[in-house]
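It should be emphasised that the depicted structure is a prediction, and the values quoted were computed from it without experimental measurement.
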Amino acid sequence: MYLKMHLLSRRACSGLFFSQGSMATCLRSSKSLLKPRLYRNISLSCQRCTIMASWIIDRYGRNDVLRFTNNMTFPVIHFPNEVIIKVHAASLNPIDVNMRNGYGAAALNAKRDPLKLKSIRSEFPLTLGRDVSGVIMECGLNVSYFKPGDEVWAAIPPWKQGTISEFVVASGNEISHKPKCLSHMEAASLPYVGLTAWSAMNQIGGLNQDNCSGKRILIFGASGGVGTFAIQLMKAWGGHVTAVCSQDASTLMKKLGADDVIDYKSGDVAEQLKMLPLFDFILDNVGGLTEKWSPDFLKKWSGATYVTLVTPFLLNVDRLGVADGMLQTGVTMGTKAVKHLCKGIHYRWAFFTPSGQSLDEIANLVDSGKIHPVVEQVFSFSEVPKAFLKLEGGHARGKTVINVINKK
């Protein structure tokens, strides 16, 4: 009887070993139940690595909610396609400031816990930051394209724990090998803005290297992270780019390849655009009143497309709840799409989409010298609150990067 129970417990323990990476510490203490061949080819985190340094928030609010801790729980691989990355550099995006303030909390919590199995406000403590460049420390059982020691970059979806910490977990489908020509500080500036622009212009807008040559592209908010990337992407594909920004960013716009630069401070933008030929594609990073008049500068009945990154989706869900918010968003989107279609143009919304495959293509463009990172300022890991204040001040001229390795 004792022997039978011992065999059953051994099988159960072995099954737990293969299904749950988080059981590694427990199973290490039960070596007598496991033969070496069961874990010979599996990479496991150091048993002593149970906590790490991280910047977190325990509630939503202004910049004073940011808190540094040395006791953040070390990330664990829960699924076989995940990896643990040692973060060398991260960068900030406007979504980080918005998330700190609580924007999108309802929708993101619904994504984190769709069945509402966890306690209320279970997202705390929450680590912000979407971009990461670093080195893989551990791989899940189903990860075949990467191995420990690989230098990678990624943009982590906003419903997951962020990258302003020493280590972060990412899906193998979200990561890509870092461009060889970039340092970690440079590489961390590109994934989120690059994938956002890629989603808007390629996946939603339908532009690519085969059909973009000679097309006229208009970009609002061109001096920010998404704008600076979009200019370079369109020029790499042969497009003619008009950038709208303030006059003090015009030199940067020209350096990135913009053919025309419109200064929104020097006069009415619509009047200045009337002096130029109509456009085939508009990317709107500004929203607001710009959406009301800018589609008029597209070529009618020629397949021209207006894509905006400023949408009411998260705001609707925060205000109305998940079901009613999604319904209201669908009605708004459908109404606007039909309205503009009747005028002979396509109207679209675009969102950030995590994709390791798209990052592979972006990495090729970077290594070929067609896209360059635009880093405005680098902060040390101890200066994260200053970095948030800098970003919150607006008027970005590229990206704000966090040197996570530099703790001073």
Side-chain angles (χ1 to χ4, degrees), residues 94 193-194 196-311 336-337 339-341 343-351 370-371 374 395-398:
V193 295
T196 302
W198 192 276
S199 170
M201 311 192 91
N202 177 260
Q203 298 175 355
I204 302 299
L207 299 177
N208 56 59
Q209 60 182 352
D210 297 323
N211 66 12
C212 199
S213 179
K215 287 192 174 180
R216 294 182 51 79
I217 315 295
L218 175 60
I219 300 175
F220 290 98
S223 63
V226 174
T228 54
F229 183 93
I231 291 172
Q232 297 180 83
L233 180 62
M234 292 298 95
K235 294 306 298 181
W237 288 348
H240 181 285
V241 177
T242 298
V244 179
C245 60
S246 61
Q247 190 276 333
D248 60 341
S250 60
T251 301
L252 174 62
M253 299 297 96
K254 289 290 186 180
K255 182 179 179 181
L256 295 177
D259 299 283
D260 298 307
V261 179
I262 302 295
D263 176 14
Y264 68 84
K265 291 184 177 180
S266 66
D268 185 72
V269 176
E271 291 299 319
Q272 296 181 67
L273 289 174
K274 288 179 181 179
M275 307 297 293
L276 301 176
L278 295 177
F279 297 91
D280 299 287
F281 185 93
I282 293 177
L283 176 63
D284 187 357
N285 295 301
V286 177
L289 295 176
T290 305
E291 181 179 313
K292 296 183 180 298
W293 55 263
S294 60
D296 294 336
F297 292 93
L298 288 169
K299 300 175 182 177
K300 306 297 188 295
W301 308 106
S302 64
T305 304
Y306 169 91
V307 176
T308 180
L309 293 168
V310 184
T311 74
K336 290 185 176 183
K339 172 186 173 182
H340 287 85
L341 189 61
K343 296 180 180 180
I345 58 177
H346 299 289
Y347 175 94
R348 299 285 186 269
W349 288 352
F351 303 90
K370 296 180 179 179
I371 289 181
V374 181
H395 304 290
R397 301 293 178 265

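Side-chain atoms of Thr242 never come within 3.5 Å of backbone atoms of Asp260 as a donor-acceptor pair (strictly under, hydrogens ignored). Looking only at distances, a side-chain donor or acceptor of Asp259 sits under 3.5 Å from a matching main-chain atom of Val241. At distances below 3.5 Å, not a single donor-acceptor pair connects side-chain atoms of Arg348 with backbone N or O atoms of Gly205. A side-chain donor-acceptor contact under 3.5 Å links Asn211 to the backbone of Gly206.
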Self-check item: side-chain contact (heavy atoms from CB on, under 4.5 Å) between Gln232 and Val374, intermediate numbers included
Solution: CA-CA 11 Å; Gln232 297 180 83; Val374 181; 4.1 Å; yes

Quiz item: Under the side-chain contact (heavy atoms from CB on, under 4.5 Å) criterion, do Ile204 and Trp349 qualify, and how do the steps go?
Solution: CA-CA 8 Å; Ile204 302 299; Trp349 288 352; over 6 Å; no

Quiz item: Could you walk me through whether Lys299 and Asp280 pass the side-chain contact (heavy atoms from CB on, under 4.5 Å) check?
Solution: CA-CA 6 Å; Lys299 300 175 182 177; Asp280 299 287; 3.3 Å; yes

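Salt-bridge check for Asp248 with Lys265: failed, with every basic side-chain N at 4.0 Å or more from each acidic carboxylate O. A salt bridge is absent between Lys343 and Asp296; no separation between the charged side-chain nitrogens and carboxylate oxygens falls under 4.0 Å.
Shown here for Leu283 and Ala230, the closest heavy-atom pair between the two residues is CD2-CB, 3.8 Å. The two atoms that bring Ala200 and Leu309 nearest to each other are CB-CD2, 4.1 Å, heavy atoms only. Considering every non-hydrogen atom in both Ile217 and Phe279, the closest pair reads C-CD2, 3.9 Å.
In Lys254, the NZ atom is crowded: over 12 heavy atoms of neighbouring residues, nucleotides or ligands sit closer than 6.0 Å. Dense packing is recorded around NZ of Lys300, with more than 12 heavy atoms of other residues, nucleotides or ligands lying under 6.0 Å away. The environment of Lys370 atom NZ is sparse: at most 12 non-hydrogen atoms of other residues, nucleotides or ligands sit within 6.0 angstrom.
The side chain to side chain contact (heavy atoms under 4.5 Å, CB included) test with Val226 singles out one residue from Ile231, Ile219, Asn285, and that residue is Asn285.
Classified by interplanar angle (parallel below 30°, tilted 30° to 60°, perpendicular above 60°), the ring pair Trp198/Trp237 is perpendicular. Between Trp293 and Phe220, the two ring planes are perpendicular [angle over 60°; tilted spans 30° to 60°].
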